[in-house]
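Values in this document were obtained by computation on a predicted structure and should not be read as measured data. Just so you know, ligand 1 is whichever comes first in the structure, and atom 1 is the first atom listed for that ligand.
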Amino acid sequence: MRLVLLGPPGAGKGTQARALGALWGIPQVASGDLLRAVVREDSDLGREAASYMDRGQLVPDDLVLKLVDARLRKEDARPGFILDGFPRNVTQAEALAKGLERYKLKLDKVVAVIVPDEEIVKRISGRRTCRNCNAMYHVMFEPPAKPGVCDKCGGELYQREDDAEETVRERLKVFAETTRPLLAHYDRLGLLAQVNGVGRTDEVEKRILTAVNGVAVPPK
Ligand code: ADP
Ligand code: ADP
Ligand code: ZN
């Protein structure tokens with residue numbers, strides 16, 4: 001299964017990509033996680049990436065494409081992958097299609113997770129992320145067993161700097177202007193399914209499975 005999850009920041013792409021990745025035994029590939037790993041390295045490249053991320057702007061395509069390309073070439077992504085946060089514009093979508101074509105591969109499906117803005121603001125303001133394994137929690141909707149500590153690995157939970165209200169507004173604007181046109185792009189290619197992202201995470205997961213398979217069971 002080669003799947004793209006599209007949607008605004010806070011739609012639940014990461015949450016769903018992790019759950020489906022575990023179900024199908026394929027990796028979640030989150031461009032935001034790849035970028036945050038570069039930022040942590042404290043290099044010139046990392047500082048450059050951070051200067052865009054801190055403002056809620058997209059990082060230049062060449063860096064993002066390099067990171068995603070390298071990740072998709074890893075052995076564990078051979079049987080399939082779930083892209084989360086990538087592509088975010090038409091240039092990235094076309095580069096992805098070209099890269100896959102070289103291996104005679106293509107995307108199976110693109111699922112857009114639809115969540116209204118007021119729900120997004122609630123989700124992002126309570127989001128907490130594990131510094132160690134990138135798992136996400138929500139202080140009200142998905143609280144960890146022990147506040148501030150990751151259930152999965154014991155890592156420290158933190159609030160992303162770009163989850164501040166002002167930056168979220170900018171990210172929503174960037175989504176509307178730059179990423180939303182991808183829905184029409186993938187619809188034209190016959191790949192798009194739209195799924196309601198409001199509801200319990202297991203309900204949303206079932207909707208995605210149904211959109212991908214026609215029925216709510218994992219693919220063989
Ligand atoms: P969210 O899903 O909440 O929007 P991400 O972790 O996907 O968060 O992205 C965080 C930031 O990382 C974005 O605001 C942007 O600056 C950068 N980023 C992530 N993915 C991409 C991408 N595909 N292209 C350009 N910038 C990206
Ligand atoms: P994205 O990757 O699209 O930015 P996340 O998966 O990080 O979104 O989810 C954003 C926040 O919303 C997180 O705090 C997460 O725990 C929470 N969340 C995810 N799915 C749901 C849901 N169905 N209902 C309520 N909260 C959710
Ligand atoms: Zn963790």
Give every protein N, O or S atom lying under 2.8 Å from the Zn ion (ligand 3), naming each by residue and atom.
-> C130 SG, C133 SG, C150 SG, C153 SG

Which of the atoms in ligand 2, numbered in the order shown and given with their element, are less than 4.0 Å from a heavy-atom of F141?
-> 25 (C), 26 (N)

Is it true that the NZ or CZ of R55 lies under 6.0 Å from the centre of Y52's six-membered ring and within 45 degrees of the ring axis?
-> yes

Can you hop from V195 to V110 via hydrophobic side chains spaced under 4.5 Å?
-> no

Distance filter under 4.0 Å to Y137 heavy atoms, resulting ligand 2 atoms = 13 (C), 14 (O), 16 (O)

Return the protein residues near ligand 1 (heavy atom under 4.0 Å from any of its atoms), ordered by chain and residue number.
-> P9, G10, K13, S31, G32, L35, R36, M53, Q57, L58, V59, V64, G85, F86, R88, Q92, R127, R160, D162, R171

K13 side chain vs P8 backbone, donor-acceptor pair below 3.5 Å | yes

For ligand 2, which atoms have a heavy atom of T201 less than 4.0 angstrom away?
-> 20 (N), 21 (C), 22 (C), 23 (N)

In terms of atom number and element, which parts of ligand 2 are under 4.0 angstrom from non-hydrogen atoms of G199?
-> 22 (C), 23 (N), 24 (N)

Side chains of V38 and L67 in contact at under 4.5 Å (non-hydrogen atoms) = yes

Do R78 and Y103 have side-chain N/O donor and acceptor atoms under 3.5 Å apart?
-> no

With heavy atoms of H138 as the reference, note each atom of ligand 2 found under 4.0 Å away.
-> 14 (O), 16 (O)

Please could you name the atoms of ligand 2 that E142 approaches to less than 4.0 Å, counting only its heavy atoms?
-> 16 (O)

With a cut-off of 6.0 Å (strictly less than), are more than 12 heavy atoms of other residues, nucleotides or ligands near CD of E161?
-> no

